[in-house]
Amino acid sequence: MEWKIIHIDETDSTNRWLRAYLQTADDDCQRVAVWTDYQTAGRGCGTNTWESERGQNLLFSLLIHPQSLPANKQFHISMAISLAICEVLDQQIGDVSIKWPNDIYWRNGKLAGILIENQLQGTTIRDSIIGVGINVNQQRFLSNAPNPVSLFQIHGLETSRERLLEDILQAFDRLSDQDLKAAYCARLYRRKGFHPYADANGPFMAEIIDVEADGHLCLCDDSGQTRRYAFKEVNFII
């Protein structure tokens with residue numbers, strides 16, 4: 001099925017725009033991608049905001065209805081979009097990784113963030129809205145975000161945001177029906193060796209040993225203890 005691609009000049013949030021579109025659309029509304037030049041209230045997870053100059057970055061959301069995907073396997077959506085973005089960006093810069101669960105990194109800099117909002121119906125996923133912000137052509141970042149980086153800062157070239165979106169959609173379509181766990185784990189930021197983390201009990205050193213099908217991160221600390229975390233329960237110290 002083809003994507004319905006919509007471009008808008010400005011919105012508060014492409015995720016919220018799609019949520020409203022879903023409520024009012026009179027077509028089948030099966031697979032919609034909306035992208036914008038500027039978000040007035042772009043956000044990440046929780047209270048995080050997303051800094052983006054007007055017309056410089058790729059800000060988009062996807063609406064899908066993965067009703068054949070069980071609700072307890074919804075992390076598959078996160079793996080698919082993360083890997084799709086990595087594959088496409090790798091063609092330009094290489095050295096792209098996924099910081100669990102779904103931030104996209106180039107070395108130690110954050111290239112992209114993803115916010116997924118799933119609506120469940122019983123044991124299935126009625127609809128999923130996947131919000132993505134990718135730093136593309138922005139040359140300077142002025143907020144207090146700790147480590148943003150853009151494609152332009154890496155290779156010094158302007159990138160077509162529309163073409164980038166089209167390439168990501170193609171990769172996402174190809175990956176969505178595949179078993180992705182091995183590819184996802186192979187792409188993980190800090191996938192080898194011991195690195196610093198922190199949880200509610202303080203900092204510690206650990207190595208990644210697994211990401212479970214439901215998205216839990218499993219670490220082994222330097223005393224040999226296995227630690228299992230849901231999203232937001234552990235921080236990477238960078």
Side-chain angles (χ1 to χ4, degrees), residues 1-5 13-25 27-34 43-46 48 60-88 97-104 112-134 165 167-189 191 199 208-220 226-234 236:
M1 183 182 297
E2 293 294 319
W3 286 92
K4 179 175 183 178
I5 300 177
S13 156
T14 52
N15 269 31
R16 282 200 287 268
W17 191 95
L18 263 187
R19 182 63 61 196
Y21 178 87
L22 180 62
Q23 301 302 318
T24 60
D27 57 17
D28 288 341
C29 195
Q30 289 301 305
R31 289 169 17 119
V32 182
V34 58
R43 63 190 181 94
C45 294
N48 296 339
F60 69 95
S61 293
L62 309 179
L63 171 64
I64 60 173
H65 301 276
Q67 295 177 350
S68 63
L69 185 67
N72 63 359
K73 302 292 185 182
Q74 60 188 285
F75 190 67
H76 180 84
I77 299 169
S78 183
M79 292 191 292
I81 189 62
S82 299
L83 286 168
I85 294 169
C86 282
E87 284 192 9
V88 172
S97 63
I98 303 167
K99 177 175 165 285
W100 176 86
N102 54 23
D103 282 340
I104 308 303
I114 300 168
L115 177 63
I116 300 175
E117 299 173 311
N118 294 323
Q119 293 291 319
L120 306 182
Q121 188 169 29
T123 60
T124 63
I125 303 170
R126 187 181 68 194
D127 59 73
S128 178
I129 293 180
I130 307 163
V132 179
I134 304 176
L165 173 60
D167 290 346
I168 290 169
L169 292 178
Q170 289 181 10
F172 180 70
D173 285 345
R174 177 171 43 80
L175 291 167
S176 291
D177 294 329
Q178 298 182 20
D179 183 350
L180 300 176
K181 181 179 176 181
Y184 175 85
C185 289
R187 278 277 186 184
L188 283 175
Y189 174 71
R191 60 190 174 275
D199 61 13
I208 296 173
I209 56 174
D210 193 20
V211 176
E212 297 175 349
D214 63 1
H216 281 84
L217 177 68
C218 297
L219 303 174
C220 181
T226 298
R227 303 181 181 217
R228 180 175 180 268
Y229 296 101
F231 184 45
K232 290 292 189 182
E233 291 181 348
V234 65
F236 290 63

Spacing of [X] atom [atom1] and [Y] atom [atom2] [to the nearest 0.5 Å]:
| X | Y | atom1 | atom2 | value |
| --- | --- | --- | --- | --- |
| Arg227 | Cys220 | CZ | SG | 9.5 Å |
| Phe236 | Leu217 | CZ | CG | 5.5 Å |
| Ile209 | Thr226 | CD1 | OG1 | 4.0 Å |
| Thr124 | Asn118 | OG1 | CG | 11.0 Å |
| Ile85 | Ile114 | CD1 | CD1 | 4.0 Å |
| Ser128 | Leu69 | OG | CG | 9.0 Å |

Work out which heavy atom in [X] is nearest to a heavy atom in [Y]; give both atom names and the distance.
| X | Y | answer |
| --- | --- | --- |
| Arg174 | Glu87 | NH2-OE1, 2.6 Å |
| Leu83 | Ala183 | CD2-O, 3.7 Å |
| Leu175 | His76 | O-NE2, 4.3 Å |
| Ile130 | Ile77 | CD1-CG2, 3.6 Å |
| Ile125 | Pro70 | CD1-O, 4.1 Å |
| Ile168 | Ala84 | O-CB, 4.0 Å |

With a 4.5 Å limit on heavy-atom distance, are the side chains of [X] and [Y] in contact?
| X | Y | value |
| --- | --- | --- |
| Phe60 | Thr14 | no |
| Asn72 | Asp214 | no |
| Leu169 | Glu2 | no |
| Pro101 | Phe75 | yes |
| Phe172 | Ile64 | yes |
| Ile104 | Ile98 | yes |
| Val211 | Tyr184 | yes |

Side chain to side chain donor-acceptor pair (under 3.5 Å), paired with Asp127, selected from Arg19, His65, Gln67: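 That would be Arg19.
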
Geometric class of the Phe231/Trp100 ring pair [parallel <30°, tilted 30-60°, perpendicular >60°]: perpendicular

Any donor-acceptor pair under 3.5 Å from Asp167 side chain to Val88 backbone: no

Gln74 (side chain) donor-acceptor with Ala71 (main chain) under 3.5 angstrom: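 Flag set: sc Gln74 to bb Ala71 pair under 3.5 Å.
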
side-chain contact (heavy atoms from CB on, under 4.5 Å) between Leu219 and Ile208, worked out: CA-CA 5 Å; Leu219 303 174; Ile208 296 173; 3.7 Å; yes

Test item: side-chain donor near acceptor, Asn102 and Ser78, under 3.5 Å: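 Present: a donor and an acceptor within the cut-off.
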
